[in-house]
Structure formats: structure tokens, C-alpha cells
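In what follows, a single structure is set out as C-alpha cells and then discussed.
Numbering of ligands and ligand atoms starts at 1, following listing order.
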Amino acid sequence: MTENDFLPGSYQNSPEKGKVTWKAPSNIALVKYWGKRPVQMPANPSISFTLDACATTTSVFFEKKEDRENFSFDLFFEGKPKEDFKPKIQTFLERIAKYLPFLKEYNFTIETSNSFPHSSGIASSASGMAALSLCLMDIEKQLNPSMDEAFFHAKASYLARLGSGSACRSVKGSLVQWGQHANIPESSDLYGIEYPFDVDSVFKSYCDTILLVHKGQKQVSSTVGHQLMHGHPYAENRFQQAFDNLDKLKPILGSGDLEAFIKLVESEALTLHAMMMTSSPYFILMKPDTLEIINKIWEYRETTKIPVCFTLDAGANVHLLYPEAEKEKVHDFIKNELAEHCENGQYIHDQVGKGAIKIND
Ligand code: DP6
């Protein structure tokens, strides 16, 4: 599909008003997206586990209005008006307007809430942009009921990507791949796809405990971090490495080779942070407790032979990944050894989920 395929024709219906609600999960990348070109095109392909417990629920009320020149929307976050989110949503609406020409015909009230604790330091842009895009697609489907399901999901992911790159991986499927790759059929820079190859059952219920090391605002946002890959001395090698890692991951995911999985996933996480540390200007998002946790994970894995590993997103928090069969032992390890490195002892147990769902009011 090309960008033009997402431009709609004329609509069959024109409802006066209505309400739609979607719940979209967060995701955690195994091969990381870091570096992009305009508009929101990834410099390299990535793949992520879709999460389950960490999610955003968004309702959009829509009602026809007179003026058709401007966007009109109100925004509520966890029940309260949220003025400081509005510029981001305004930019998003401007970016997607040509793909959803009805946007200026309605007044929207957007109500959004997260399942994870407020300001936990977990990026909510992926689940938030995915949930909002699904709501807008649901409205478009009411205007054009003949739209098929595959197109609905592809376009929701396409729109979500225009809001936040990683959000395109939070729409459908347990393991989602985004970014064109010669050896992955149907892969695209425009939207995420369900990983098309065999995946061993161990990965279908894989667990992710998010260790909340630092809940404050990050010193450098992902958006700035991506920009610093332009002119970065190691960028080209890094992008090539991500392409190669997707090739390497195919037999690993297919066979359930956890040793190889751990090596690849931890290397991806540290490479992401190495890119930050070698940017100009350079920056460090890890905290002392991030390193304490990593060392404890390595020690625990070495002594118990339990296949736990870590990954990191663009922050200080650590995602601890492990098979469901090891859940009990790993939960003890977290409680006894890792919780002390988390801010206020906080962590969130999550696991691989299935993708976004529509909530019927
Ligand atoms: C480190 O998707 O947050 O989590 O497209 O600017 O919104 P924008 O960036 P964003 O970047 C995510 C970066 C990452 C890696 C990943 O999720 O692949």
C-alpha cells in the first residue's frame, strides 16, 4: 500500500453525533526504532511485544458543527481538562487531516486515561496515539461502512505512526513489526504489521515487569533523541545492525532459542543507549539504579540459569523479560532484590497481549 491508498473517497453516511471508545496497549521494542526521516518514517525496521496491562483508554464524542474551517476539540485526561496536551493533538490533527477529511466537520470531546500510574515515567504516547487513531478510524468506518477490517487496522496504524512512531506497533497483534525489510513480506515504513513468521509458544505469554527506576520527566525527549541520529558518526552501522537483527530474530523466535534471544535483546537495549551517549550533544538517560538492576539480573541469570533478561526504552526504567513458566521465582527475585532500586519500590507486572480492543459503552 502507498500513502495515497489512505486518502478516502466520498463517504456514504454523515452521522450527526456519536461516541466511540478504544483501549490500546503500550508496547516494548525488542529491535529498537531510533532515528527517522520526515514525516515519521523510520530509519530502520523495529519489532515489539505488545503489552497487556499497560494501556490507554480513549473515548471520542463527536457532534456536527457549523464552521468547517478549523479543528474544534476539548481534551480531558483522567477526568480533568488537559490544556498542555492540546498542541500535540492539534499538530496530529493537522498532519492527518487529508486522510480524514471529516475532522473539520465535527466538534470532538476526547477523554483519555491510562491504566498505569500517573507520571510513572512510562511513555504513554504509543498507547495514547494508537487509542485515539482507532477512535478516529471507528468514526470513519461509520461514515464508510464498507471499509474492510484489514484496511481499518492498517490505516489506524498509519495514522498512529503520524502521531508517534512506536504507536503504529500498538494496534494489532502480539508481536508487531514496523519498517520495510527485504526479507519480511508485506513490511512497510508506513504502518506496523503482525509478525508474519512462526513464533514459538514461549513468546506468546512472555512476561515483562517494568521496574520504575525514575518517574520524573526525561532530560531529553525521544523526539530530540531521534533527531540526534542525523549526522551521528555511528548511525549507518546502527541502522544496518537493526536490519541484520531482524534477520537473526527470525530463527530465534521460531525455535524459542532463549539464549540467543537474550543476547540480541540486551545488545539492542545497550546499543540504543550507546547511541544516546555518542550523540552530539551526548546524554545519559540511565540512572545508577538502572545499572544496579542490570548487574543483579546478570548475576541472577548466571547463578540460577533462569532465562531472565532486560531491555530499556528511552529512559531509566528497566523492562525485565522472562517466560511465564518462571513467573513465581522471578517475582520473588523482583520483590527481594530489585524493588529496592525502584522509585517508591514501584514496578508493574505485565505480559504479552493481543492488541487494541473496542469498548462497547
Ligand atoms: C526508544 O515512538 O516515542 O522507545 O516517533 O518521535 O514519537 P516519536 O518517537 P517514539 O520513539 C520510541 C523510541 C524507543 C524505541 C522503540 O519503541 O522502538
Below the 3.5 angstrom mark, is there an N/O of Ser46, backbone or side chain, next to an N/O of ligand 1?
no
Is there a nitrogen or oxygen of Lys32 sitting under 3.5 Å from a nitrogen or oxygen of ligand 1?
no
For Ala314, counting its heavy atoms only, list the atoms of ligand 1 lying under 4.0 Å from any of them.
1 (C)
Distance-only N or O hit between ligand 1 and Lys36, under 3.5 Å
yes
Are Lys287 and Asp289 close enough for a salt bridge, meaning some N to O gap below 4.0 Å?
no
With nothing but distance in play, are any N or O atoms of Arg169 less than 3.5 Å from an N or O of ligand 1?
yes
For ligand 1, is any non-hydrogen atom under 4.0 Å from Leu272's backbone (N, CA, C, O), its side chain (CB onward), both, or neither?
side chain
Checking heavy atoms under 4.0 Å, the part of Ser164 that sits near ligand 1 is both
Within the structure, is a non-hydrogen atom of Met129 found at a distance of less than 4.0 Å from ligand 1?
no
State plainly whether the residues Lys86 and Asp84 are in salt-bridge range, i.e. N to O under 4.0 Å.
no
Linking I/L/V/M/F/W/Y whenever their side-chain heavy atoms sit closer than 4.5 Å, directly or via other members, would Leu312 and Val31 fall into one cluster?
no
Report yes if Gly165 has an N/O atom closer than 3.5 Å to an N/O atom of ligand 1; otherwise report no.
yes
Considering the heavy atoms of Thr223, write down every atom of ligand 1 situated less than 4.0 Å from one of them.
6 (O)
Please state which part of Ala29 comes within less than 4.0 Å of ligand 1, counting heavy atoms only: side chain, backbone, both or neither.
side chain
Find out whether the Lys NZ or Arg CZ of Lys17 is both under 6.0 angstrom from the six-membered ring centre of Phe61 and within 45° of the ring's axis.
no
Do Arg95 and Phe92 meet the cation-pi criteria used here (NZ or CZ under 6.0 Å from the six-membered ring centre, within 45° of the axis)?
no
Quick test of your reading of the model: are Glu149 and Lys172 salt-bridged, counting only N-O distances below 4.0 Å?
no
Considering distance alone, does some N or O of Asp313 sit under 3.5 Å from an N or O of ligand 1?
no
Is the NZ or CZ atom of Lys19 both under 6.0 Å from the centre of the six-membered ring of Phe62 and within 45° of that ring's axis?
no
Electrostatic pair Arg238:Glu268 at N-O distance under 4.0 angstrom
yes
